[in-house]
Amino acid sequence: MEDRMYIALAGNPNCGKTTLFNALTGSNGYVGNWPGVTVEKKEANWRKEKQITFTDLPGIYSLSPYSPEEVVSRDYLIKNRPSAVIDLVDSTNLERNLYLATQILECGLPVVLGLNMLDLLEKSGDRIDVSALSRELGCEVVQVSALRETNVDDLVNKAIEAGKAGAAPAPARVFSDDVEAALAKIEKGIAGKCDVSLNRWFAIKVFERDAAAIEPLGLSNAELEAFEADIKAVETARDDDAESIITSDRYEWIARVMDACVVKAPKKLTTSEKIDKVVTNRVLGLPIFVVVMFLVYYIAISTVGTAGTDWVNDNLFSDGFFVNSAGQEQYEADAEEFADNHYGDQISGFIAAAEDDGVVTEDGATEVSDAVDALAEDPEDADSEAIVDGFVASAADVTAKDVVITDEDGNDTEDTIPAVTADHFLAAVDAQSEEPDPADYDGYVPSIPGAVEGWLDDAGASDAVKSLVIDGVIGGVGSVLGFIPQMFVLFVLLCFLEDCGYMSRVAFVMDRVFRRFGLSGKSFIPMLVSSGCGVPGVLATKTIENEKDRRMTAMLTTMIPCGAKQPIIALVMGVLIGGSDGWWIAPMFYFLGVAAIIISGIMLKKTKAFAGEPTPFVMELPSYHFPSIKSWWLHIWERVSAYIKKAGTIIFAAAVVVWFLSNFGFDNGAFGFLADGDVEKSLLKVIAGSISWLFAPLGADNWMATAASINALIAKENLVSTFGVLFGLGDATENSLSMWSGFAGMFTDASGIMHAGAMCAFVAFNMLDAPCFAAIGTIRKQMDDPKWFWFAIAYQCGFGWVVGLIINQLWELAVLGNFGFWTVVAFVALAGILFMLFRPAPKYDGKDEHILDSLSEAEASL
Ligand code: GDP
Ligand code: MG
């Protein structure tokens, strides 16, 4: 057995390290187009020889320890001492990439240079003289294409050879003679204090006066003083400081090497550059992006994706489906024939007629229709049969009446069934149990809840267990899984845009906009991702190097309405405008999210905790290319699987808790399972009822609205589904009339006025407050500090509450002329926000690194 060999992949951001790493190991590291994505290093074994381990180091421009990426890479090379290093460079950008190469060559490790993007280099017509470059650098040089997997094995084999030989390249003559002379002296002076292979590295660090780097040498002040004379002499001669001298020597050397080794093709505009002229145009860039994103969302949310999601929800989670079209046609014909008889209308119509004639009281009528329902479930139910028989006996002489036929949503149509009598009623009751059951037809596959209910019945499970499994677990987890087709289509499109190189241009375009608000273009990427789902959105904040901006973006990004918030938007839309012509309402809530982020961004940037110049936004724009199917798929899968994982873990647990709270409570003084599903007695009502006063100023002192908001913390999809349960509507969706009236009813007062302001306030609060548990968990992980985490959650909820307050109070004042204490508070809050927006940014001492201490000030000044 050979020893394990570690080969580090180092290089600039976007030079293709992760692509190479994935090609070599088959693992699915995140391939990103913007710098900083790979902050943690990744390890995996070579597919061809398992004892070769590759490490994908973060992308860096130099080995100076100024960013977390640089520290990780430098520590790995200097302290861990891998067996060999593959320094990958983007050969279409050789000049810039060689800067890091000069430093890696000094680490005293066996190095092989990989000239990546061979395909693009060939296309550009430039030529690199590999053997000349190899001579200059003193190490092997291999031209590869990580994407097309050209020559990658050759590169690895050379690295293995170099690793086995163990020899570091002979130092290239990078520095000018006076510097080299000083370095030689220092090398002699520190000999024996470190491994020989690191002699040159440490000598340069001593020359640069990099105190942190040379700490391991343990040099005494006297020893350092001895070197100072030589360093100072060079500094005086060159009229520059030591660090800059080293840097400029490197650049001069690179310029010489470029001259000697690279033959540039005459410059012509590449296709990529031509596209960029349009796409990143100052005027057109933004509109083009808006159109592209509109198309992406239209396809994913409104057309293809919705079709998939509807199919899953309708078939897998509610009705079941047919795999055999003959059985399906037969069933549909029978079902239609059955529906044409309008038994339900005959039954309810006749009971109403009997009530009109004074044969039964209102309570009596309810009792009869309950009994009829019970018989539909179980035709053998003797008690119900007795009630129905008794009713028919006393109602024999009720005047025959015409009954209006209702449609699926329970609305009256123009058609009637003439002269419905007691006989019709009885026949309808009997016929009810004959409703065609799809399970009796060929090729029927029951829905998941249907099948599970069947098994549980067979196993003799109790009502409580059935309810837990079907309503709690399948209902809760299913509501998330049902979104997968939509998410999948969304990610297919978004990942394509990312992998082909478009999104990096967009970040660039957005940087021009965001800079005005004190944020950099990097904050835009997480927001973009969040409009699909906040979880990857928050994760994407990793790309922001500036700690303050990173925190702020993680805190605000989930205010963008994600996919799961769409149903509640659709619901208000239905109530306010009856579902017609309201296309502008959904974008309004989208812009509410955008406005909330921008306003918050401006306000927070003026507090000490977040103040500071936006990070300069530099990045390499890779040429446009068609993504490799493999990396595209891995990228999609990474995101979709996160969704599935969320459903299986956090949502699963939360669904069980909510099920417990809404199905257990005190009935007749005894605590237990509420068999009749009476939510009025549930623990949920007790809990929600005890805090619903918090929402009184928002016009929603209402336990149901509160319960829905609490449930929404588990998954925002729960807003609508909770109302379904609480209004007793079963599987009603955001598009049904009964749901609209129930929802409107919550905001209608005793005198019949519907408070649209309170309704919008409720939705606004739920858009902006803390996101779902999965996203909250991600924020927590991302912040990695309880204090910041809780500040983020408090800010989100507080800001959402204030916005809701302002909306509700302004509506009450403007439409109803209501004025009160909370109106004043709303105006004060509004004035406060405006003040924060327009006051000049205070100057803070830039050196203040005690950010946490200033947190309480941020809280106080908000
Ligand atoms: P990293 O930042 O060094 O890890 O770079 P990535 O592996 O994330 O690659 C950055 C971009 O360059 C991605 O869009 C890759 O698809 C692309 N890329 C990587 N290698 C090649 C290559 O050999 N040819 C071409 N045309 N594109 C490549
Ligand atoms: Mg990478």
Side-chain angles (χ1 to χ4, degrees), residues 9 11-24 26-38 56 59 88-97 114-128 142-152 155 264-265 267-281 285 288-289 292-293 295-296 490-510 521 525 528-529 540 543 618-639:
L9 303 181
N12 286 17
N14 273 333
C15 69
K17 292 176 304 300
T18 305
T19 310
L20 179 66
F21 180 77
N22 290 345
L24 292 173
S27 88
N28 54 349
Y30 188 98
V31 185
N33 273 335
W34 38 82
V37 171
T38 331
D56 181 18
L88 203 62
V89 309
D90 173 356
S91 50
T92 62
N93 228 320
L94 189 59
E95 187 155 8
R96 183 196 267 266
N97 280 240
L115 291 174
N116 192 24
M117 315 249 179
L118 179 59
D119 51 333
L120 294 181
L121 184 81
E122 282 172 348
K123 232 183 258 170
S124 76
D126 292 358
R127 282 174 24 93
I128 298 177
V142 183
Q143 287 192 299
V144 297
S145 167
L147 190 71
R148 315 261 173 253
E149 303 194 15
T150 331
N151 294 351
V152 291
L155 175 65
K264 288 244 177 230
K267 208 61 198 145
K268 60 177 194 297
L269 230 45
T270 62
T271 324
S272 208
E273 284 164 340
K274 282 183 206 149
I275 300 176
D276 274 344
K277 279 214 140 132
V278 181
V279 186
T280 59
N281 183 288
I288 290 177
F289 171 63
V292 168
M293 285 317 281
L295 282 177
V296 165
L490 188 68
F491 290 146
V492 166
L493 298 172
L494 287 181
C495 293
F496 178 82
L497 289 179
E498 280 183 35
D499 285 0
C500 78
Y502 178 64
M503 283 305 182
S504 359
R505 269 78 180 177
V506 170
F508 207 69
V509 169
M510 291 307 289
I525 293 158
L528 182 81
V529 179
T543 62
V618 235
M619 88 179 146
E620 236 86 333
L621 293 180
S623 305
Y624 288 101
H625 58 277
F626 195 87
S628 86
I629 303 292
K630 198 171 91 192
S631 71
W632 188 11
W633 165 251
L634 289 173
H635 201 160
I636 296 169
W637 176 242
E638 178 175 52
R639 295 183 173 191

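All values below were derived from every heavy atom in this structure, side-chain atoms included, with hydrogens, water molecules and symmetry-related copies excluded.
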Taking only residues two or more places apart in sequence or in another chain, which ones pass salt bridge (charged side-chain N to carboxylate O under 4.0 Å, His left out) with Lys630?
Glu149
For Arg127, which residues count as a salt bridge (charged side-chain N to carboxylate O under 4.0 Å, His left out) partner, sequence neighbours excluded?
none
Looking only at non-hydrogen atoms, find the nearest pair between Ala146 and Ala23 and report the distance.
O-CB, 4.2 Å
Testing the basics here: between Met117 and Gly16, what is the closest heavy-atom pair and its distance to 0.1 Å?
CE-N, 4.4 Å
pair [X]-[Y]: side-chain heavy atoms closer than 4.5 Å:
X: Ser91; Y: Leu118; result: no
X: Leu494; Y: Met503; result: yes
X: Phe289; Y: Leu497; result: no
X: Leu20; Y: Leu88; result: yes
X: Leu295; Y: Leu493; result: no
X: Cys15; Y: Asn116; result: no

All side-chain hydrogen bond (donor to acceptor under 3.5 Å, both in side chains) counterparts of [X], not counting sequence neighbours:
X: Thr92; value: Asp90
X: Ser124; value: none
X: Asn151; value: none

What pairs with Tyr624 under ring pair (Phe, Tyr, Trp, His ring centres under 6.0 Å), at least two apart in sequence or on another chain?
none
NZ/NE/NH1/NH2 to OD/OE distance under 4.0 Å, Lys17 and Asp56
no
Is the Phe626 to Phe496 ring centre distance short of 6.0 Å?
yes
Is it the case that the side chain of Asp499 and the backbone of Pro627 share a donor-acceptor pair, with hydrogens and angles ignored and the cut-off at 3.5 Å?
no
Measure from the side-chain N and O atoms of Trp632 to the backbone N and O of Val492, and report whether any donor-acceptor pair falls under 3.5 Å.
yes
Out of Leu94, Val144, Leu121, which residue meets the side-chain contact (heavy atoms from CB on, under 4.5 Å) rule with Leu115?
Leu94
Can you name the residues that form a side chain to side chain contact (heavy atoms under 4.5 Å, CB included) with Glu95, not counting sequence neighbours?
Ile254, Met258
[atom2] on [Y] to [atom1] on [X], rounded to 0.5 Å:
X: Ser628; Y: Leu147; atom1: OG; atom2: CG; answer: 5.0 Å
X: Asp276; Y: Arg505; atom1: CG; atom2: CZ; answer: 4.0 Å
X: Asn12; Y: Asn97; atom1: CG; atom2: CG; answer: 4.0 Å

